[in-house]
Amino acid sequence: FLSARAMAIRAELFAPAVALLAFGLALFFAIYSFDRRPTTADEIAQLWHARMLLEGRLAMPPDPNPEFFAIDNVIDSPRWMSQFPIGGPAFLAVGMLFHAEWALNAILSALIVLNVYFFARRVYGEAQARVAAAVMALSPMLLLMGGTQMNHTPTAWLATLALASLAVWVQSNGPRQLLSAAVIGLSVGLAITIRPLDGALSGAVFG
C-alpha cells in the first residue's frame, strides 16, 4: 500500500519533497539539539579559521602568549590557524557570508538526498531511487551531522555529487560526458581539500 502511494507521486514532486523533509529534520536538530552553535573543538576551530578567510587571511601571525589561547585542533606556531585543511573552513565561510553557517549542513543534507535519488534512478530505476532517497532522508547519521557545523556533510555532498555525475558519465557521450567528468574531478578535488583521506578513497573508487 505504502509503495503504491509513494509511486503515485509524480517524480518531479517526490524528490524535492523528500529533500525538503531531510532539510527540515536536519534544521530541527541544528536548532533543538545544538542551539545553532558549535559544540565541539573541531567546529570552533574551523569556524574561527572561516572568519580569518572572510577577512582575507589564510592564517594569522602567532600570538606572543599562545598559552592563553590554547585550544584543541589549533596550530599556534609558526602561523596561527586551525589544523584542518582549508576546504572545511572555506565552506563555513560561505555560510558565514549569509549569517547562516549553522544551516549550511542542513542545506547540504537535502542536496545529498537529491544526489542519491538521481544516481539510483539512473542506475536502478525510479522505484529503487525513491526507496534510497527516503532511507537517506531518514538516516539518523545524516540528520545529526546535518545539524552540526562539522566538515563531514560537505564531504558527503561532494562525494555523492561525483557519484550522481558518474552515472551520467557512463551513460553519455560528447559534451555531456565531458561536463560530467569535470564535475566528478572538481567534486573529488574539493572533497580532498576538506577531508583528504575520504576524498582520496572516493577518487580511487570512481577511478
Side-chain angles (χ1 to χ4, degrees), residues 15-16 19-60 71-75 79-118 136-137 139 141-165 179-180 182-200 202-203:
L20 190 61
L21 173 65
F23 171 71
L25 291 173
L27 208 61
F28 169 79
F29 283 112
I31 296 170
Y32 181 80
S33 300
F34 302 109
D35 197 28
R36 299 184 300 173
R37 301 175 187 274
T39 58
T40 65
D42 292 27
E43 294 168 281
I44 293 169
Q46 290 182 90
L47 284 166
W48 175 67
H49 204 161
R51 195 170 299 279
M52 274 190 239
L53 296 178
L54 287 180
E55 294 178 356
R57 298 170 176 265
L58 292 176
M60 294 176 62
I71 183 174
D72 289 344
N73 305 327
V74 166
I75 297 169
R79 303 288 291 173
W80 204 14
M81 57 187 175
S82 75
Q83 71 170 20
F84 297 95
I86 200 69
F91 263 86
L92 286 171
V94 174
M96 280 185 168
L97 279 175
F98 300 96
H99 304 286
E101 61 275 8
W102 58 274
L104 178 65
N105 278 354
I107 296 170
L108 294 178
S109 296
L111 296 179
I112 289 170
V113 171
L114 289 178
N115 288 338
V116 169
Y117 172 81
F118 289 128
M136 183 62 70
S139 166
M141 186 66 175
L142 177 73
L143 298 176
L144 285 169
M145 294 307 299
T148 71
Q149 297 170 48
M150 298 284 280
N151 61 16
H152 302 69
T153 305
T155 307
W157 171 62
L158 290 165
T160 55
L161 179 60
L163 186 65
S165 300
L179 178 60
S180 58
V183 172
I184 294 169
L186 183 62
S187 299
V188 172
L190 289 174
I192 289 173
T193 71
I194 303 174
R195 297 180 65 85
L197 180 57
D198 293 345
S202 298

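By convention here, the first residue in the shown sequence is residue 1. Note that the coordinates shown come from a computational prediction; the quantities given were computed from them, not determined experimentally.
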How long is the span from the [atom1] atom in [X] to the [atom2] atom in [Y], to the nearest 0.5 Å?
| X | Y | atom1 | atom2 | answer |
| --- | --- | --- | --- | --- |
| Leu143 | Met145 | CG | CE | 11.5 Å |
| Thr39 | Ile44 | OG1 | CD1 | 8.0 Å |
| Leu21 | Met136 | CG | CE | 13.5 Å |
| Leu108 | Leu114 | CG | CG | 11.5 Å |
| His152 | Leu142 | NE2 | CG | 12.5 Å |
| Thr155 | Trp157 | OG1 | CH2 | 11.0 Å |

Please walk me through it: do Leu158 and Ile194 pass side-chain contact (heavy atoms from CB on, under 4.5 Å)?
CA-CA 10 Å; Leu158 290 165; Ile194 303 174; 3.7 Å; yes
Is any side-chain heavy atom of [X] less than 4.5 Å from a side-chain heavy atom of [Y]?
| X | Y | value |
| --- | --- | --- |
| Phe23 | Phe28 | no |
| Leu47 | Glu101 | yes |
| Met81 | Leu58 | no |
| Ser82 | Ile75 | no |
| Trp102 | Leu27 | yes |
| Ser165 | Ser187 | no |
| Met52 | Met60 | yes |
| Gln149 | Gln46 | no |

So, [X] side chain and [Y] main chain: donor-acceptor pair closer than 3.5 Å or not?
| X | Y | result |
| --- | --- | --- |
| Thr193 | Leu190 | yes |
| His49 | Val74 | no |
| Asn105 | Thr153 | no |
| Glu43 | Thr40 | yes |
| Thr160 | Leu163 | no |
| Asn151 | Arg195 | no |

Please find the pair of heavy atoms, one from [X] and one from [Y], that lie closest to each other, and give the distance.
| X | Y | answer |
| --- | --- | --- |
| Leu104 | Phe91 | CD2-O, 3.2 Å |
| Ser109 | Ala22 | O-CB, 4.4 Å |
| Gly147 | Phe34 | O-CD1, 3.3 Å |
| Ala41 | Asp72 | CB-CB, 3.8 Å |
| Gly199 | Ile192 | C-CG1, 3.6 Å |
| Arg79 | Ala59 | NH2-O, 3.6 Å |

